[in-house]
Amino acid sequence: MRNIDRIYIDGAFVTPHGSARFDLFNPATEDRIGSVRLGDAEDVRLAVAAAKRAFPAMARTSKAERIAMLHRLRDAVKARAGDLIAAMTEGYGAPAYFTGFSVQNTASVFDVMATSVENYAFERVAGSSAVTMLPLGVVGAITPWNSNFGFIATKLAHAIGSGSTIVIKPAEQSAIQTQVLLECLHEAKLPKGVLNVVNGTGPEVGAALTTHPDVALISFTGSTPAARIVQRAALETMKRLVLELGGKSPTIILDDADLDAAIPIALMSGFANSGQACVAGSRILIPRSRREEILARLKDETERLRIGNPADPEVRIGPLANAAHWERVQGWIRLGQEEGAMLLTGGEGRPEGLDHGWFARPTIFTEVAGTMRIAREEIFGPVLSVITYDDEAEAVAIANDSDFGLQAYVLSSDEPRALRVARQLMAGRVVINGAPHDPHAPFGGFRQSGLGREIGAYGLDAFLEPRAILTPAA
Ligand code: ADP
(Lines give C-alpha, C1' and ligand atoms only; values in the text may rest on other atoms or scores of the structure.)
Protein backbone atom coordinates (compact mmCIF):
# COMPACT_ATOMS: atom_id res chain seq x y z
CA MET A 1 0.00 0.00 0.00
CA ARG A 2 1.43 3.38 -1.01
CA ASN A 3 -0.03 6.31 0.86
CA ILE A 4 1.17 9.62 -0.53
CA ASP A 5 0.77 12.29 2.14
CA ARG A 6 3.10 15.05 1.04
CA ILE A 7 3.30 17.70 -1.61
CA TYR A 8 6.41 19.65 -2.56
CA ILE A 9 6.70 23.36 -1.76
CA ASP A 10 9.76 25.60 -1.46
CA GLY A 11 12.26 22.76 -1.75
CA ALA A 12 10.66 20.48 0.86
CA PHE A 13 8.09 17.69 1.15
CA VAL A 14 5.26 19.14 3.28
CA THR A 15 1.83 18.04 4.52
CA PRO A 16 -0.89 19.68 2.44
CA HIS A 17 -3.53 21.96 3.93
CA GLY A 18 -6.15 19.97 1.99
CA SER A 19 -7.22 16.75 3.68
CA ALA A 20 -9.39 14.91 1.13
CA ARG A 21 -8.06 11.56 -0.06
CA PHE A 22 -8.18 9.89 -3.46
CA ASP A 23 -7.82 6.11 -3.88
CA LEU A 24 -5.22 4.67 -6.25
CA PHE A 25 -5.71 1.42 -8.18
CA ASN A 26 -3.65 -0.98 -10.27
CA PRO A 27 -5.61 -1.08 -13.55
CA ALA A 28 -4.27 -4.53 -14.52
CA THR A 29 -5.63 -6.14 -11.34
CA GLU A 30 -8.25 -3.61 -10.14
CA ASP A 31 -6.57 -3.83 -6.68
CA ARG A 32 -6.52 -0.74 -4.50
CA ILE A 33 -2.82 0.01 -4.09
CA GLY A 34 -2.87 3.17 -2.02
CA SER A 35 -4.22 6.66 -1.72
CA VAL A 36 -3.11 10.25 -2.05
CA ARG A 37 -3.90 13.19 0.18
CA LEU A 38 -5.02 16.03 -2.06
CA GLY A 39 -4.00 19.65 -1.78
CA ASP A 40 -6.43 22.53 -2.06
CA ALA A 41 -6.52 26.20 -3.08
CA GLU A 42 -4.57 27.22 0.05
CA ASP A 43 -1.74 24.89 -0.97
CA VAL A 44 -1.72 26.52 -4.41
CA ARG A 45 -1.41 29.94 -2.76
CA LEU A 46 1.58 28.76 -0.72
CA ALA A 47 3.21 27.11 -3.73
CA VAL A 48 2.74 30.15 -5.98
CA ALA A 49 4.11 32.42 -3.22
CA ALA A 50 7.23 30.24 -2.96
CA ALA A 51 7.66 30.27 -6.75
CA LYS A 52 7.20 34.04 -6.82
CA ARG A 53 9.89 34.54 -4.16
CA ALA A 54 12.30 32.34 -6.10
CA PHE A 55 11.64 33.98 -9.47
CA PRO A 56 13.92 37.06 -9.42
CA ALA A 57 17.04 35.00 -8.66
CA MET A 58 16.05 32.32 -11.18
CA ALA A 59 15.43 34.92 -13.88
CA ARG A 60 18.99 36.23 -13.39
CA THR A 61 20.70 32.83 -13.75
CA SER A 62 23.24 32.45 -16.54
CA LYS A 63 23.05 29.92 -19.34
CA ALA A 64 25.75 27.88 -17.60
CA GLU A 65 23.80 27.77 -14.33
CA ARG A 66 20.60 26.64 -16.07
CA ILE A 67 22.49 23.99 -18.04
CA ALA A 68 24.08 22.70 -14.83
CA MET A 69 20.63 22.40 -13.20
CA LEU A 70 19.27 20.56 -16.24
CA HIS A 71 22.18 18.11 -16.20
CA ARG A 72 21.65 17.43 -12.49
CA LEU A 73 17.96 16.76 -13.16
CA ARG A 74 18.83 14.35 -15.99
CA ASP A 75 21.25 12.43 -13.80
CA ALA A 76 18.77 12.29 -10.92
CA VAL A 77 16.10 10.76 -13.18
CA LYS A 78 18.51 8.24 -14.69
CA ALA A 79 19.57 7.12 -11.22
CA ARG A 80 16.10 5.76 -10.44
CA ALA A 81 14.91 4.59 -13.86
CA GLY A 82 13.84 1.20 -12.49
CA ASP A 83 11.67 2.73 -9.75
CA LEU A 84 9.99 5.05 -12.26
CA ILE A 85 9.22 2.13 -14.57
CA ALA A 86 7.76 0.14 -11.65
CA ALA A 87 5.57 3.07 -10.57
CA MET A 88 4.25 3.58 -14.10
CA THR A 89 3.52 -0.11 -14.54
CA GLU A 90 1.76 -0.52 -11.21
CA GLY A 91 -0.26 2.67 -11.13
CA TYR A 92 -1.20 2.88 -14.74
CA GLY A 93 -0.61 -0.40 -16.58
CA ALA A 94 1.43 0.97 -19.48
CA PRO A 95 3.10 -1.85 -21.44
CA ALA A 96 6.83 -2.37 -20.80
CA TYR A 97 7.88 -1.13 -24.25
CA PHE A 98 6.21 2.20 -23.43
CA THR A 99 7.42 2.59 -19.83
CA GLY A 100 11.03 1.98 -20.95
CA PHE A 101 10.70 4.66 -23.63
CA SER A 102 9.02 7.07 -21.20
CA VAL A 103 11.82 6.97 -18.65
CA GLN A 104 14.51 7.36 -21.30
CA ASN A 105 12.58 10.27 -22.80
CA THR A 106 12.08 11.89 -19.39
CA ALA A 107 15.84 12.01 -18.85
CA SER A 108 16.52 13.16 -22.41
CA VAL A 109 14.07 16.07 -22.12
CA PHE A 110 16.52 17.74 -19.71
CA ASP A 111 19.46 17.07 -22.04
CA VAL A 112 17.60 18.42 -25.06
CA MET A 113 16.71 21.57 -23.12
CA ALA A 114 20.35 22.00 -22.03
CA THR A 115 21.39 21.98 -25.72
CA SER A 116 18.56 24.37 -26.58
CA VAL A 117 19.64 26.83 -23.88
CA GLU A 118 23.23 26.63 -25.13
CA ASN A 119 22.13 27.56 -28.67
CA TYR A 120 19.37 30.05 -27.84
CA ALA A 121 19.90 33.77 -28.44
CA PHE A 122 18.53 35.41 -25.29
CA GLU A 123 20.18 38.70 -26.33
CA ARG A 124 19.42 39.97 -29.83
CA VAL A 125 19.49 43.11 -31.94
CA ALA A 126 16.53 44.38 -33.98
CA GLY A 127 17.23 47.52 -36.01
CA SER A 128 19.11 49.70 -33.52
CA SER A 129 17.33 48.20 -30.49
CA ALA A 130 18.70 45.69 -28.00
CA VAL A 131 16.21 42.86 -27.49
CA THR A 132 16.28 40.53 -24.49
CA MET A 133 14.15 37.41 -24.26
CA LEU A 134 12.78 37.45 -20.70
CA PRO A 135 11.01 34.84 -18.59
CA LEU A 136 7.46 35.80 -17.68
CA GLY A 137 7.32 34.84 -14.01
CA VAL A 138 5.66 31.89 -12.27
CA VAL A 139 4.55 29.10 -14.61
CA GLY A 140 1.52 26.96 -13.71
CA ALA A 141 1.65 23.49 -15.25
CA ILE A 142 -0.98 20.75 -15.43
CA THR A 143 -0.29 17.18 -16.57
CA PRO A 144 -2.48 14.22 -17.64
CA TRP A 145 -2.26 10.61 -16.43
CA ASN A 146 -1.19 9.09 -19.73
CA SER A 147 2.40 10.29 -19.46
CA ASN A 148 2.42 12.05 -16.14
CA PHE A 149 6.09 12.00 -15.17
CA GLY A 150 7.26 12.68 -18.73
CA PHE A 151 5.15 15.81 -18.89
CA ILE A 152 6.23 16.97 -15.42
CA ALA A 153 9.83 16.71 -16.64
CA THR A 154 9.09 18.50 -19.93
CA LYS A 155 7.39 21.41 -18.21
CA LEU A 156 10.09 21.69 -15.53
CA ALA A 157 12.79 21.64 -18.24
CA HIS A 158 11.11 24.56 -20.01
CA ALA A 159 10.83 26.50 -16.75
CA ILE A 160 14.52 26.03 -15.95
CA GLY A 161 15.63 26.71 -19.53
CA SER A 162 13.69 29.97 -19.64
CA GLY A 163 14.66 31.10 -16.13
CA SER A 164 11.14 30.73 -14.72
CA THR A 165 9.85 29.04 -11.59
CA ILE A 166 7.00 26.56 -11.64
CA VAL A 167 4.02 25.13 -9.75
CA ILE A 168 2.84 21.80 -11.16
CA LYS A 169 -0.52 20.10 -10.64
CA PRO A 170 0.02 16.52 -11.80
CA ALA A 171 -2.76 14.07 -12.65
CA GLU A 172 -4.08 12.98 -9.25
CA GLN A 173 -4.40 9.33 -10.22
CA SER A 174 -0.65 9.24 -11.05
CA ALA A 175 0.38 10.19 -7.51
CA ILE A 176 2.78 7.25 -7.05
CA GLN A 177 4.66 8.20 -10.24
CA THR A 178 4.71 11.84 -9.14
CA GLN A 179 6.12 10.88 -5.75
CA VAL A 180 8.95 8.76 -7.18
CA LEU A 181 9.83 11.45 -9.73
CA LEU A 182 9.79 14.16 -7.05
CA GLU A 183 12.19 12.13 -4.90
CA CYS A 184 14.53 12.09 -7.94
CA LEU A 185 14.13 15.78 -8.70
CA HIS A 186 14.72 16.70 -5.05
CA GLU A 187 18.19 15.11 -5.34
CA ALA A 188 19.05 17.64 -8.08
CA LYS A 189 19.06 20.35 -5.37
CA LEU A 190 17.38 23.12 -7.33
CA PRO A 191 17.19 26.48 -5.54
CA LYS A 192 14.24 26.51 -3.12
CA GLY A 193 10.93 27.49 -4.68
CA VAL A 194 11.98 26.88 -8.29
CA LEU A 195 9.94 23.65 -8.37
CA ASN A 196 6.65 23.20 -6.48
CA VAL A 197 4.15 20.36 -6.90
CA VAL A 198 0.60 20.26 -5.51
CA ASN A 199 -1.45 17.06 -5.89
CA GLY A 200 -5.15 17.70 -6.32
CA THR A 201 -8.14 17.62 -8.61
CA GLY A 202 -8.62 19.73 -11.74
CA PRO A 203 -11.67 21.63 -10.49
CA GLU A 204 -9.96 22.53 -7.18
CA VAL A 205 -6.17 22.73 -7.49
CA GLY A 206 -6.19 23.13 -11.30
CA ALA A 207 -8.73 25.94 -11.09
CA ALA A 208 -6.85 27.70 -8.25
CA LEU A 209 -3.67 27.62 -10.35
CA THR A 210 -5.25 28.78 -13.61
CA THR A 211 -6.98 31.75 -11.95
CA HIS A 212 -4.11 32.83 -9.66
CA PRO A 213 -3.07 36.42 -10.52
CA ASP A 214 0.63 35.69 -9.85
CA VAL A 215 0.77 32.91 -12.44
CA ALA A 216 1.97 34.36 -15.74
CA LEU A 217 1.78 31.35 -18.03
CA ILE A 218 -0.09 28.05 -18.05
CA SER A 219 1.48 25.02 -19.68
CA PHE A 220 -1.28 22.42 -19.96
CA THR A 221 -1.32 18.92 -21.40
CA GLY A 222 -4.65 17.10 -21.41
CA SER A 223 -7.98 16.92 -23.16
CA THR A 224 -9.40 19.61 -25.42
CA PRO A 225 -12.57 20.02 -23.26
CA ALA A 226 -10.51 20.64 -20.06
CA ALA A 227 -8.28 23.04 -22.03
CA ARG A 228 -11.30 25.16 -22.90
CA ILE A 229 -12.00 25.59 -19.16
CA VAL A 230 -8.33 26.42 -18.56
CA GLN A 231 -8.31 28.95 -21.38
CA ARG A 232 -11.39 30.70 -19.99
CA ALA A 233 -9.84 30.78 -16.51
CA ALA A 234 -6.62 32.25 -17.89
CA LEU A 235 -8.40 34.98 -19.79
CA GLU A 236 -9.05 37.34 -16.88
CA THR A 237 -5.38 38.01 -16.14
CA MET A 238 -4.17 37.45 -19.74
CA LYS A 239 -2.02 34.47 -18.89
CA ARG A 240 0.09 33.15 -21.71
CA LEU A 241 -0.88 29.63 -22.71
CA VAL A 242 0.87 26.58 -24.06
CA LEU A 243 -1.69 23.85 -24.69
CA GLU A 244 -0.87 20.33 -25.86
CA LEU A 245 -4.19 18.57 -26.42
CA GLY A 246 -5.97 15.77 -28.18
CA GLY A 247 -5.70 14.32 -31.64
CA LYS A 248 -7.35 12.15 -34.24
CA SER A 249 -4.19 11.45 -36.14
CA PRO A 250 -4.32 9.96 -39.64
CA THR A 251 -2.07 7.13 -40.81
CA ILE A 252 -1.99 7.24 -44.61
CA ILE A 253 -1.01 3.92 -46.16
CA LEU A 254 -0.12 4.83 -49.77
CA ASP A 255 -0.84 2.31 -52.52
CA ASP A 256 2.85 1.46 -53.00
CA ALA A 257 3.46 0.68 -49.31
CA ASP A 258 5.31 -2.49 -48.37
CA LEU A 259 2.68 -4.05 -46.12
CA ASP A 260 5.17 -6.23 -44.23
CA ALA A 261 6.61 -2.99 -42.84
CA ALA A 262 3.54 -0.73 -43.01
CA ILE A 263 0.94 -2.81 -41.15
CA PRO A 264 2.99 -3.26 -37.94
CA ILE A 265 3.83 0.47 -37.97
CA ALA A 266 0.18 1.45 -38.47
CA LEU A 267 -0.90 -0.81 -35.60
CA MET A 268 1.93 0.32 -33.33
CA SER A 269 0.96 3.95 -33.94
CA GLY A 270 -2.77 3.30 -33.55
CA PHE A 271 -2.49 1.17 -30.44
CA ALA A 272 0.37 3.20 -28.91
CA ASN A 273 0.15 3.01 -25.14
CA SER A 274 -3.01 0.87 -25.50
CA GLY A 275 -4.50 3.71 -27.56
CA GLN A 276 -4.11 6.15 -24.67
CA ALA A 277 -1.79 8.51 -26.51
CA CYS A 278 -2.63 11.93 -27.89
CA VAL A 279 -0.47 11.07 -30.92
CA ALA A 280 -2.16 7.70 -31.61
CA GLY A 281 -2.79 7.11 -35.32
CA SER A 282 -6.47 6.38 -34.75
CA ARG A 283 -7.62 6.89 -38.35
CA ILE A 284 -6.06 4.50 -40.87
CA LEU A 285 -6.50 5.73 -44.45
CA ILE A 286 -6.18 2.93 -47.02
CA PRO A 287 -6.25 2.88 -50.87
CA ARG A 288 -9.33 1.25 -52.43
CA SER A 289 -7.08 -0.64 -54.87
CA ARG A 290 -5.56 -2.68 -52.02
CA ARG A 291 -8.47 -2.60 -49.59
CA GLU A 292 -9.14 -6.34 -49.15
CA GLU A 293 -5.47 -7.22 -48.75
CA ILE A 294 -4.87 -4.46 -46.18
CA LEU A 295 -8.01 -5.26 -44.16
CA ALA A 296 -7.03 -8.95 -43.99
CA ARG A 297 -3.55 -8.00 -42.72
CA LEU A 298 -4.90 -5.49 -40.17
CA LYS A 299 -7.33 -8.05 -38.78
CA ASP A 300 -4.81 -10.88 -38.66
CA GLU A 301 -2.02 -8.86 -37.06
CA THR A 302 -4.33 -7.19 -34.52
CA GLU A 303 -5.64 -10.57 -33.42
CA ARG A 304 -2.06 -11.72 -32.84
CA LEU A 305 -1.15 -8.79 -30.54
CA ARG A 306 -0.42 -9.96 -27.03
CA ILE A 307 -2.73 -8.39 -24.43
CA GLY A 308 -2.30 -8.60 -20.65
CA ASN A 309 0.33 -8.19 -17.95
CA PRO A 310 1.96 -4.83 -18.69
CA ALA A 311 5.27 -5.98 -17.22
CA ASP A 312 5.60 -8.68 -19.93
CA PRO A 313 7.94 -7.24 -22.62
CA GLU A 314 5.98 -9.02 -25.37
CA VAL A 315 2.68 -7.40 -24.37
CA ARG A 316 1.49 -4.74 -26.81
CA ILE A 317 -1.84 -3.83 -25.18
CA GLY A 318 -2.22 -3.20 -21.46
CA PRO A 319 -5.29 -2.17 -19.48
CA LEU A 320 -7.05 1.16 -19.74
CA ALA A 321 -6.18 3.57 -16.95
CA ASN A 322 -9.32 3.31 -14.82
CA ALA A 323 -12.81 1.85 -14.60
CA ALA A 324 -14.59 5.01 -15.78
CA HIS A 325 -12.34 5.19 -18.82
CA TRP A 326 -13.01 1.50 -19.62
CA GLU A 327 -16.75 2.25 -19.57
CA ARG A 328 -16.23 5.27 -21.83
CA VAL A 329 -14.31 3.23 -24.38
CA GLN A 330 -17.05 0.55 -24.33
CA GLY A 331 -19.51 3.36 -25.08
CA TRP A 332 -17.45 4.37 -28.14
CA ILE A 333 -17.42 0.77 -29.42
CA ARG A 334 -21.23 0.64 -29.08
CA LEU A 335 -21.58 4.04 -30.73
CA GLY A 336 -19.49 3.01 -33.74
CA GLN A 337 -21.87 0.13 -34.41
CA GLU A 338 -24.93 2.34 -33.92
CA GLU A 339 -23.47 4.84 -36.40
CA GLY A 340 -23.30 2.05 -39.01
CA ALA A 341 -19.60 1.16 -38.98
CA MET A 342 -18.63 -2.54 -39.16
CA LEU A 343 -16.35 -4.37 -36.75
CA LEU A 344 -13.32 -5.81 -38.53
CA THR A 345 -12.02 -7.13 -35.24
CA GLY A 346 -12.61 -6.60 -31.51
CA GLY A 347 -15.82 -5.24 -30.03
CA GLU A 348 -17.28 -4.70 -26.61
CA GLY A 349 -16.20 -6.52 -23.44
CA ARG A 350 -12.88 -7.89 -22.21
CA PRO A 351 -10.39 -9.82 -24.34
CA GLU A 352 -10.64 -13.60 -24.10
CA GLY A 353 -9.00 -15.02 -20.99
CA LEU A 354 -8.87 -11.73 -19.09
CA ASP A 355 -11.80 -11.64 -16.69
CA HIS A 356 -10.52 -8.81 -14.53
CA GLY A 357 -8.44 -5.68 -15.04
CA TRP A 358 -9.62 -2.80 -17.20
CA PHE A 359 -8.63 -4.43 -20.48
CA ALA A 360 -10.50 -3.52 -23.66
CA ARG A 361 -10.41 -5.52 -26.90
CA PRO A 362 -8.26 -3.96 -29.64
CA THR A 363 -10.97 -2.91 -32.05
CA ILE A 364 -10.93 -1.83 -35.70
CA PHE A 365 -13.94 -0.40 -37.51
CA THR A 366 -14.41 -0.42 -41.28
CA GLU A 367 -17.16 1.22 -43.38
CA VAL A 368 -16.40 4.39 -41.47
CA ALA A 369 -17.71 7.63 -42.95
CA GLY A 370 -15.79 10.83 -42.31
CA THR A 371 -18.87 12.34 -40.67
CA MET A 372 -19.18 9.68 -37.94
CA ARG A 373 -18.24 10.63 -34.41
CA ILE A 374 -15.84 7.66 -34.21
CA ALA A 375 -13.95 9.21 -37.15
CA ARG A 376 -13.88 12.73 -35.73
CA GLU A 377 -13.57 12.58 -31.94
CA GLU A 378 -10.73 11.36 -29.76
CA ILE A 379 -11.52 7.98 -28.14
CA PHE A 380 -8.22 7.53 -26.25
CA GLY A 381 -8.41 3.74 -26.30
CA PRO A 382 -7.54 0.84 -28.62
CA VAL A 383 -10.28 1.66 -31.14
CA LEU A 384 -9.25 2.49 -34.72
CA SER A 385 -11.26 3.60 -37.75
CA VAL A 386 -10.32 2.54 -41.28
CA ILE A 387 -11.32 4.97 -44.01
CA THR A 388 -10.95 4.11 -47.71
CA TYR A 389 -9.70 6.65 -50.28
CA ASP A 390 -9.53 6.58 -54.08
CA ASP A 391 -6.42 8.63 -54.82
CA GLU A 392 -3.61 10.52 -53.12
CA ALA A 393 -5.42 13.86 -53.26
CA GLU A 394 -8.42 12.35 -51.51
CA ALA A 395 -6.17 10.78 -48.86
CA VAL A 396 -4.69 14.21 -48.09
CA ALA A 397 -8.15 15.81 -48.00
CA ILE A 398 -9.50 13.18 -45.57
CA ALA A 399 -6.38 13.43 -43.39
CA ASN A 400 -6.79 17.20 -43.12
CA ASP A 401 -10.56 17.06 -42.60
CA SER A 402 -10.31 17.10 -38.82
CA ASP A 403 -10.79 19.44 -35.87
CA PHE A 404 -7.38 18.25 -34.70
CA GLY A 405 -3.87 18.43 -36.15
CA LEU A 406 -1.38 16.96 -33.71
CA GLN A 407 0.41 14.21 -35.61
CA ALA A 408 0.17 12.31 -38.91
CA TYR A 409 1.84 9.20 -40.34
CA VAL A 410 2.67 8.43 -43.98
CA LEU A 411 3.67 4.96 -45.19
CA SER A 412 5.11 4.42 -48.67
CA SER A 413 7.94 2.57 -50.45
CA ASP A 414 8.76 5.80 -52.27
CA GLU A 415 10.22 8.29 -49.79
CA PRO A 416 10.09 11.38 -52.08
CA ARG A 417 6.40 10.61 -52.63
CA ALA A 418 5.83 10.24 -48.88
CA LEU A 419 7.55 13.59 -48.37
CA ARG A 420 5.34 15.20 -51.01
CA VAL A 421 2.26 13.96 -49.15
CA ALA A 422 3.72 14.98 -45.77
CA ARG A 423 4.17 18.55 -46.99
CA GLN A 424 0.42 18.80 -47.58
CA LEU A 425 -0.59 17.71 -44.07
CA MET A 426 -1.64 20.15 -41.37
CA ALA A 427 -0.17 18.47 -38.30
CA GLY A 428 2.43 19.44 -35.72
CA ARG A 429 4.51 16.38 -36.60
CA VAL A 430 4.41 14.10 -39.63
CA VAL A 431 6.19 10.75 -39.22
CA ILE A 432 7.32 9.00 -42.39
CA ASN A 433 7.70 5.20 -42.48
CA GLY A 434 7.89 4.77 -38.70
CA ALA A 435 10.82 7.16 -38.28
CA PRO A 436 12.20 6.99 -34.73
CA HIS A 437 11.20 9.56 -32.10
CA ASP A 438 13.17 12.79 -32.47
CA PRO A 439 13.50 14.42 -29.04
CA HIS A 440 14.51 17.74 -30.67
CA ALA A 441 11.44 18.09 -32.92
CA PRO A 442 8.87 20.69 -31.85
CA PHE A 443 5.76 19.16 -30.30
CA GLY A 444 2.22 20.52 -30.39
CA GLY A 445 -0.67 20.80 -32.73
CA PHE A 446 -2.69 22.75 -35.23
CA ARG A 447 -6.36 23.65 -34.65
CA GLN A 448 -7.92 22.13 -31.50
CA SER A 449 -4.81 20.03 -30.83
CA GLY A 450 -3.34 23.00 -29.05
CA LEU A 451 -1.60 26.30 -28.88
CA GLY A 452 2.14 26.91 -29.13
CA ARG A 453 4.88 24.30 -29.21
CA GLU A 454 7.04 22.52 -26.69
CA ILE A 455 10.69 21.39 -27.09
CA GLY A 456 13.82 23.22 -28.18
CA ALA A 457 13.86 26.84 -29.28
CA TYR A 458 10.14 26.63 -30.10
CA GLY A 459 9.43 25.64 -26.51
CA LEU A 460 11.64 28.41 -25.14
CA ASP A 461 9.97 30.99 -27.40
CA ALA A 462 6.63 30.17 -25.76
CA PHE A 463 8.07 30.66 -22.24
CA LEU A 464 9.83 33.96 -23.02
CA GLU A 465 8.86 37.42 -24.15
CA PRO A 466 10.99 40.04 -25.94
CA ARG A 467 11.86 43.37 -24.35
CA ALA A 468 13.37 45.89 -26.75
CA ILE A 469 15.46 48.80 -25.44
CA LEU A 470 15.65 51.79 -27.77
CA THR A 471 18.46 54.32 -27.31
CA PRO A 472 19.07 57.65 -29.10
CA ALA A 473 21.41 57.31 -32.10
CA ALA A 474 25.04 57.92 -31.16
P1 ADP B 1 -7.15 13.18 -19.04
O2 ADP B 1 -8.45 12.47 -19.26
O3 ADP B 1 -6.08 12.88 -20.00
O4 ADP B 1 -6.71 13.19 -17.61
P5 ADP B 1 -8.06 15.84 -18.63
O6 ADP B 1 -8.00 16.95 -19.60
O7 ADP B 1 -9.35 15.52 -18.01
O8 ADP B 1 -7.47 14.65 -19.44
O9 ADP B 1 -7.02 16.08 -17.48
C10 ADP B 1 -5.72 16.60 -17.70
C11 ADP B 1 -5.32 17.38 -16.49
O12 ADP B 1 -6.16 18.53 -16.40
C13 ADP B 1 -5.47 16.62 -15.18
O14 ADP B 1 -4.39 16.93 -14.33
C15 ADP B 1 -6.77 17.17 -14.65
O16 ADP B 1 -6.88 17.09 -13.23
C17 ADP B 1 -6.69 18.63 -15.10
N18 ADP B 1 -7.97 19.33 -15.14
C19 ADP B 1 -9.19 18.81 -15.36
N20 ADP B 1 -10.13 19.77 -15.25
C21 ADP B 1 -9.49 20.93 -14.98
C22 ADP B 1 -9.91 22.28 -14.73
N23 ADP B 1 -11.18 22.63 -14.74
N24 ADP B 1 -8.96 23.21 -14.48
C25 ADP B 1 -7.66 22.87 -14.46
N26 ADP B 1 -7.22 21.62 -14.64
C27 ADP B 1 -8.11 20.65 -14.91
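As the structure lists them, so they are numbered: ligands from 1, and atoms in each ligand from 1.
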Close N or O approach ([X], ligand 1; < 3.5 Å):
X: Ser223; answer: yes
X: Lys169; answer: yes
X: Thr201; answer: no

Near [X], which atoms of ligand 1 are under 4.0 Å from a heavy atom of that residue?
X: Gly222; answer: 6 (O), 10 (C)
X: Glu172; answer: 16 (O)
X: Gly206; answer: 24 (N), 25 (C), 26 (N)
X: Ala226; answer: 6 (O)
X: Ala171; answer: 14 (O)
X: Thr143; answer: 11 (C), 13 (C), 14 (O)

Verify whether one side chain among His17 and Asp40 offers a donor that lies under 3.5 Å from an acceptor in the other.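 Yes, Asp40 and His17 have a side-chain donor paired with an acceptor closer than 3.5 Å.
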
Under a plain distance cut-off of 3.5 Å, with no hydrogens placed, do Thr221 and Lys155 share a side-chain donor-acceptor pair?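 Side chains of Lys155 and Thr221: pair found under 3.5 Å.
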
Could you go through Arg334 and Glu348, starting from their C-alpha distance and side-chain angles, then the distance that decides it, and tell me whether this counts as salt bridge (Lys or Arg N to Asp or Glu O under 4.0 Å)? CA-CA 7 Å; Arg334 273 193 299 281; Glu348 287 168 72; 3.2 Å; yes

Working note: Asp111 + His71, criterion side chain to side chain contact (heavy atoms under 4.5 Å, CB included); need CA distance, chi angles, decisive distance, verdict. CA-CA 7 Å; Asp111 247 346; His71 286 161; 3.7 Å; yes

Determine, step by step, whether Glu187 and Arg80 satisfy the salt bridge (Lys or Arg N to Asp or Glu O under 4.0 Å) criterion, reporting the C-alpha distance in whole Å, the side-chain angles of both residues, the deciding distance to 0.1 Å, and the verdict. CA-CA 11 Å; Glu187 290 304 312; Arg80 287 192 62 191; over 6 Å; no

Among all protein heavy atoms, pick the one closest to [atom] and tell me residue, atom and distance.
atom: atom 24 (N) of ligand 1; result: Gly202 O, 3.5 Å
atom: atom 26 (N) of ligand 1; result: Ile142 CD1, 3.6 Å
atom: atom 3 (O) of ligand 1; result: Pro144 CB, 3.7 Å
atom: atom 23 (N) of ligand 1; result: Ile229 CG2, 3.4 Å
atom: atom 2 (O) of ligand 1; result: Trp145 NE1, 3.5 Å

Can Phe220 and Gln231 be said to form a side chain to side chain contact (heavy atoms under 4.5 Å, CB included), step by step? CA-CA 10 Å; Phe220 173 91; Gln231 203 163 10; over 6 Å; no

Within 4.0 Å of atom 9 (O) of ligand 1 (strictly less), any protein heavy atom?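 Not a single protein heavy atom is under 4.0 Å away.
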
Which part of Phe220 is near ligand 1, with near meaning a heavy atom under 4.0 Å away: side chain, backbone, both or neither?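 The side chain, only.
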
Below 4.0 Å, non-hydrogen atoms only: which portion of His325 touches ligand 1? Side chain, backbone, both or neither.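 Contact part for His325 vs ligand 1: neither.
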
Using a strict cut-off of less than 4.0 Å between a Lys/Arg side-chain nitrogen and an Asp/Glu carboxylate oxygen, indicate whether Lys169 and Glu172 qualify as a salt bridge.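 Salt bridge: yes.
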
For Tyr458, look at atom OH and say whether over 12 heavy atoms of other residues, nucleotides or ligands are found less than 6.0 Å away.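 Not more than 12 within 6.0 Å, no.
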
In sequence, state the C-alpha distance, the side-chain angles, and the governing distance for Glu183 and Asp83, and then conclude on side chain to side chain contact (heavy atoms under 4.5 Å, CB included). CA-CA 11 Å; Glu183 289 166 11; Asp83 293 339; over 6 Å; no

Distance to the ring centre below 6.0 angstrom and angle to the axis at most 45 degrees; does that hold for Arg32 and Phe22?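 Relative to the ring axis of Phe22, which defines the angle, Arg32 lies outside at least one limit.
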
Taking the six-membered ring for Trp and the full ring for Phe, Tyr or His, determine whether the centres of Phe380 and Trp145 are under 6.0 Å apart.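 Phe380 vs Trp145: aromatic centres under 6.0 Å.
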
